> 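This structure is in structure tokens; I'll ask about it shortly.
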Amino acid sequence: MKKEIKPFGEIELSRKLLQAIGDMGFEEPSPIQAKTIPLVLTGADVIGQAQTGTGKTAAFGIPTIEKIKETERRIQALVLSPTRELAIQTAEELNKIGRYKRIFTLPVYGGQSIDRQIRALRRGVHILVGTPGRLLDHIQRGTVSLKDVRTLILDEADEMLDMGFIDDIETIVSSIPLADRQTLLFSATMPEPIERLAHRYMKEPQKIAVSKENLTVPLIEQFYYETRDKLEGLTRVLDGEDTGKTIVFCRTKRGVDDLTAALETRGYLSGGLHGDLSQQQRDRVMKKFREGKLDILIATDVAARGIDIDDITHVINYDIPQDHESYVHRIGRTGRAGRAGIAMTFIEPREYRQLRLIMKLAKTKIVRRELPSASDILERQKDTVRERLLQVLQKNRYDEYHTIISDVAAEGDYDLVDIAAAALKLSVEGPERRDEAVENNLTDTGGAPGMVRLFLNIGRAQKIRPSDIVRSIADEADIPGNIIGVINIYDKFTFVEVPQDVAEHVMSAMHKATVKGFKVNVEPARKR
Ligand code: AMP
């Protein structure tokens with residue numbers, strides 16, 4: 001069956017784009033999109049103050065792709081990106097938006113074989129996304145021509161500035177005649193050099209900023225969890241917390257479907273709610289939730305709008321809201337009628353800045369919390385575990401495990417109670433892994449006042465330079481490079497100081513990250 005094509009808010013778009021946006025699961029334009037897309041479609045130069053998590057990529061991607069002539073496979077739009085990760089992500093998103101229109105986007109960045117990029121470029125692309133250094137390299141080799149570029153996008157301009165790309169950017173930008181191009185600039189902050197850049201290289205740019213409307217934040221407890229594995233994080237919270245009726249917010253319809261399926265398979269009583277479901281299906285889910293037959297309702301912002309339930313104990317932002325207004329609306333679903341309520345937000349390391357902006361604009365404090373540990377969860381589940389253990393014993397079907405236990409017992413190092421406890425732990429928690437909840441002692445790391453000194457297990461032996469450390473931390477943790485303090489590189493390890501308020505965030509962001517291809521382990525340094 002062909003899927004129905006739905007409008008995208010008030011914005012008029014071609015069928016092929018609407019179809020792609022529908023596939024991506026977007027239900028309505030994000031606030032920045034609602035303002036940016038119509039303006040860009042008129043041909044205006046636009047400055048957007050927005051960061052990751054607001055939907056900024058689609059904000060410039062949708063109108064840019066709408067304007068591209070698909071029959072001409074030449075570079076008609078150029079996106080400058082500060083990092084390889086962002087370039088790849090952006091290209092992926094643009095390829096999805098341009099899927100039905102058959103618009104091809106290629107990312108080019110340093111570190112990847114240039115020959116491979118040249119071969120891909122020869123096949124012809126409509127949009128090129130590149131880091132400034134590598135782009136210049138291609139331009140100088142003549143493997144990239146910018147003469148057909150009509151839309152130029154500077155993404156995360158403040159980041160590019162921090163990383164020292166300003167000269168490269170100016171060279172690239174000034175090689176495309178101002179009269180021929182529309183220029184869009186996105187930046188989380190607007191420092192003076194960015195203002196100057198905009199003034200010199202843009203035509204009467206229209207500024208779009210987040211609204212500063214004053215909102216009343218409900219008086220409820222607000223926490224955030226930072227993790228790269230949100231599903232694991234969410235299940236730990238659901239297992240470790242005393243939750244009643246809970247609403248979990250996802251960004252897209254697809255997100256709702258995926259999470260509902262994942263939670264159902266794990267045995268949680270949950271149901272999904274979004275705009276692609278029939279009225280009847282929605283009513284059914286709502287009825288069950290109201291009556292307490294479902295504990296968890298998973299919804300998009302749009303679908304949750306009509307919900308009016310008083311006894312919701314937890315609101316969980318599985319995806320970070322696109323702006324502070326949405327944050328305040330979402331969390332206002334709990335703590336009603338004088339009841340207590342808790343709001344929790346999951347973020348990935350890259351979304352930290354968006355979280356800080358939400359706190360600032362909503363004038364609220366969202367406190368960092370660590371995920372419940374296995375022992376917290378066990379504490380709550382002791383009775384269930386005991387029950388299950390007894391059931392297994394009564395059914396008496398575990399002969400094949402006898403030999404392992406009797407072998408271990410025969411070795412004589414452990415007594416039977418310890419072996420049984422270890423076996424139970426294995427069945428409840430799975431195999432041993434690094435305990436992330438190890439107490440982080442950040443109070444005395446030997447850093448300068450206000451700074452935390454971190455230890456990284458890489459150094460000169462891996463040809464690490466200070467710039468690698470700065471770039472990698474700034475990139476992974478999405479913090480400005482200039483707030484990173486003293487860096488001391490030794491043969492096998494490195495010390496780096498970061499401000500106290502971002503130290504825990506930097507550690508999570510760098511956990512399992514790589515620097516120059518080397519996996520790093522980051523810990524608070526020991527006192528000198
Ligand atoms: P960005 O701010 O561009 O990094 O986007 C953050 C995430 O939001 C990406 O996963 C996008 O695919 C998603 N996104 C962008 N626009 C929308 C929208 N209108 N509705 C739902 N999700 C969106």
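For ligands, and for the atoms within them, numbers begin at 1 and follow the listed sequence. What you see is a predicted model; the values in this text were computed from it and never measured.
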> To the nearest 0.5 Å, what is the distance between CG (Leu86) and OG1 (Thr52)?
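Going from the CG atom of Leu86 to the OG1 atom of Thr52 covers 6.5 Å.
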> State the atoms of ligand 1, each with its element, that fall below the 4.0 Å cut-off from a heavy-atom position in Gly53.
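Contacts of ligand 1 toward Gly53, numbered from 1: 1 (P), 2 (O), 4 (O), 6 (C).
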> Please write down residue, atom name and distance for the protein heavy atom closest to atom 14 (N) of ligand 1.
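For atom 14 (N) of ligand 1, the nearest protein heavy atom comes out as Phe26 CZ, 3.4 Å.
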> If you measure every N or O of Gly55 against every N or O of ligand 1, does any of those distances drop under 3.5 Å?
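N/O-N/O distance under 3.5 Å: yes.
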> Quick check on contacts: which atoms of ligand 1 are under 4.0 angstrom from a heavy atom of Thr252?
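Counting from 1, the qualifying ligand atoms are 21 (C), 22 (N).
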> Atom SG of Cys250 and atom CZ of Phe346: how far apart are they, to the nearest 0.5 Å?
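These two atoms lie 11.0 Å from each other.
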> Using non-hydrogen atoms of the residue, decide whether Met24 is closer than 4.0 angstrom to ligand 1.
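Judged by the 4.0 Å heavy-atom criterion, Met24 does not count as contacting ligand 1.
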> Around atom 9 (C) of ligand 1, find the nearest protein heavy atom and jot down its residue, atom name and distance.
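Looking at atom 9 (C) of ligand 1, the protein heavy atom closest to it is Glu93 OE1, 4.1 Å.
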> Walk me through it: do Arg181 and Asp45 pass the test salt bridge (Lys or Arg N to Asp or Glu O under 4.0 Å)?
CA-CA 9 Å; Arg181 63 168 153 87; Asp45 279 6; 5.5 Å; no
> List every atom of ligand 1 that sits less than 4.0 Å from any heavy atom of Ser30, numbering the atoms from 1 in the order shown and giving each element.
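Checking each atom against Ser30, I get 19 (N).
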> Establish, for the pair Arg369 and Tyr224, whether the NZ or CZ atom is under 6.0 angstrom from the six-membered ring centre and no further than 45 degrees off its axis.
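Judged by the rule, Arg369 and Tyr224 form no cation-pi pair.
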> With the threshold set at 4.0 Å, does a side-chain nitrogen-carboxylate oxygen contact exist between Arg228 and Glu348?
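Result for this pair is no, no salt bridge flagged.
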> Using a heavy-atom cut-off of under 4.0 Å, does the side chain or the backbone of Gln322 touch ligand 1, or both, or neither?
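The part of Gln322 near ligand 1 is the side chain, not the backbone.
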> Does Arg350 pair with Glu156 as a salt bridge, N-O distance under 4.0 Å?
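Yes, Arg350 and Glu156 are salt-bridged.
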> Starting from atom 10 (O) of ligand 1, what is the nearest protein heavy atom, named by residue and atom, and what distance separates them?
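For atom 10 (O) of ligand 1, the nearest protein heavy atom comes out as Arg251 NH2, 4.1 Å.
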> Validate the cation-pi geometry between Lys230 and Tyr318: distance from NZ or CZ to the six-membered ring centre under 6.0 Å, angle to the ring axis within 45°.
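Judged by the rule (NZ or CZ under 6.0 Å from the ring centre, within 45° of its axis), Lys230 counts as positioned above Tyr318.
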> Looking only at the side chains, is there a donor atom on one of Glu85 and Tyr109 sitting less than 3.5 Å from an acceptor on the other?
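No, Tyr109 and Glu85 have no side-chain donor paired with an acceptor closer than 3.5 Å.
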> If you count the atoms of ligand 1 from 1 in the order shown, which ones are under 4.0 Å from a heavy atom of Glu28?
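Once the distances to Glu28 are compared, the set is 18 (C), 19 (N), 20 (N).
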> For Thr57, which part has a heavy atom under 4.0 Å from ligand 1: side chain, backbone, both, or neither?
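The answer is both, backbone and side chain.
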> Among all protein heavy atoms, pick the one closest to atom 16 (N) of ligand 1 and tell me residue, atom and distance.
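Scanning the protein heavy atoms, the shortest distance from atom 16 (N) of ligand 1 goes to Gln33 NE2, 2.7 Å.
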